[in-house]
Amino acid sequence: MKTLITTYIILFTVIVSAQTQISKLQNVNFTETHVSNLKIELNVDSLKELENAFNIEKLEKMLEETANEGEVEFKITCNKPAVKPNGVKRKISYSVKSENLEKEEFIKIVERIYNGAKKYYLN
């Protein structure tokens with residue numbers, strides 16, 4: 001009988017303490033979030049794939065959501081198939097990494113990287 005009463009008391013205590021912890025969480029505000037680090041990496045195999053993967057408007061929207069003091073990195077890796085059957089596969093990477101850089105300046109650098117990647121596939 002003693003064991004049964006002790007078990008009920010422990011069960012009741014656990015249930016009551018669990019409910020008080022949940023009520024504390026109800027007062028937490030989850031409406032504001034910040035992205036402090038953003039890394040965008042594109043790995044493409046053709047010009048068509050590059051043009052489909054890159055969208056400057058989406059990049060601008062993502063940059064608006066980052067905190068001003070966060071780190072932002074953008075990288076494009078371009079792969080070309082081997083010229084000869086047993087040849088070496090060619091690859092080139094362009095990247096920019098910044099902290100506290102103005103968003104407009106970062107977007108201009110990214111556009112230059114994108115244009116450089118396009119020229120790589122056109123040559």
Side-chain angles (χ1 to χ4, degrees):
M1 184 71 167
K2 241 183 182 180
T3 310
L4 186 61
I5 292 173
T6 307
T7 307
Y8 283 131
I9 290 173
I10 292 174
L11 181 63
F12 180 74
T13 306
V14 170
I15 291 173
V16 169
S17 65
Q19 288 178 352
T20 57
Q21 290 173 357
I22 292 172
S23 66
K24 288 179 185 177
L25 289 176
Q26 289 175 350
N27 295 330
V28 177
N29 185 3
F30 292 106
T31 59
E32 192 170 320
T33 57
H34 293 284
V35 177
S36 58
N37 293 330
L38 177 66
K39 182 177 180 179
I40 301 167
E41 190 169 340
L42 300 175
N43 193 352
V44 294
D45 295 324
S46 67
L47 178 61
K48 186 176 180 179
E49 191 175 326
L50 174 67
E51 291 172 341
N52 290 335
F54 184 78
N55 188 336
I56 195 71
E57 289 83 21
K58 289 181 182 178
L59 176 65
E60 290 172 347
K61 188 180 251 187
M62 282 189 266
L63 289 175
E64 287 174 6
E65 295 174 2
T66 60
N68 290 334
E69 62 276 348
E71 185 177 286
V72 180
E73 184 177 354
F74 181 82
K75 182 177 180 180
I76 294 178
T77 303
C78 301
N79 301 308
K80 276 190 177 179
V83 178
K84 298 178 183 177
N86 293 330
V88 177
K89 187 176 179 180
R90 295 179 288 171
K91 176 168 103 171
I92 190 167
S93 292
Y94 300 94
S95 67
V96 62
K97 185 176 186 179
S98 73
E99 245 182 82
N100 302 330
L101 186 68
E102 290 183 20
K103 289 178 176 57
E104 294 82 21
E105 187 176 339
F106 185 79
I107 289 171
K108 286 180 185 177
I109 294 170
V110 169
E111 286 177 334
R112 279 191 255 156
I113 288 173
Y114 173 71
N115 290 331
K118 280 177 67 173
K119 287 179 185 177
Y120 175 73
Y121 281 116
L122 293 174
N123 292 329

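None of these values were measured; they are calculated from a predicted model.
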Residues that Lys75 engages under salt bridge (charged side-chain N to carboxylate O under 4.0 Å, His left out), provided they are two or more places apart: none

Neighbour count above 12 (heavy atom, 6.0 Å) for Lys80 NZ: yes

Considering all heavy atoms, the nearest Ile113-Ser95 contact: CD1-C, 3.8 Å

Value rounded to 0.5 Å, distance of CG in Asn52 from CG in Leu47: 9.5 Å

Check against side chain to side chain contact (heavy atoms under 4.5 Å, CB included), Phe74 and Ile109: CA-CA 10 Å; Phe74 181 82; Ile109 294 170; over 6 Å; no

Ile40 CD1 to Phe54 CZ distance, which is reported to the nearest 0.5 Å: 8.5 Å

Met62 CE to Leu38 CG distance, which is reported to the nearest 0.5 Å: 6.5 Å

Cut-off 3.5 Å, no hydrogens considered: what does the side-chain donor-acceptor table look like for residues 114-123, sequence neighbours left out?
{"unit_1": "Asn115", "atom_1": "ND2", "unit_2": "Glu111", "atom_2": "O", "d": "3.2"}
{"unit_1": "Tyr121", "atom_1": "OH", "unit_2": "Val44", "atom_2": "O", "d": "3.0"}
{"unit_1": "Tyr121", "atom_1": "OH", "unit_2": "Asn79", "atom_2": "N", "d": "3.0"}
{"unit_1": "Tyr121", "atom_1": "OH", "unit_2": "Asn79", "atom_2": "O", "d": "3.0"}
{"unit_1": "Asn123", "atom_1": "ND2", "unit_2": "Lys119", "atom_2": "O", "d": "3.2"}

Rounded distance (nearest 0.5 Å) linking atom CD of Glu60 with atom CG of Asn55: 9.0 Å

Side chain to side chain donor-acceptor pair (under 3.5 Å) involving Thr77 - partner list, sequence neighbours excluded: Ser93

Any pair counted as salt bridge (charged side-chain N to carboxylate O under 4.0 Å, His left out), so long as it reaches residues 40-57, sequence neighbours left out: Lys39-Glu41

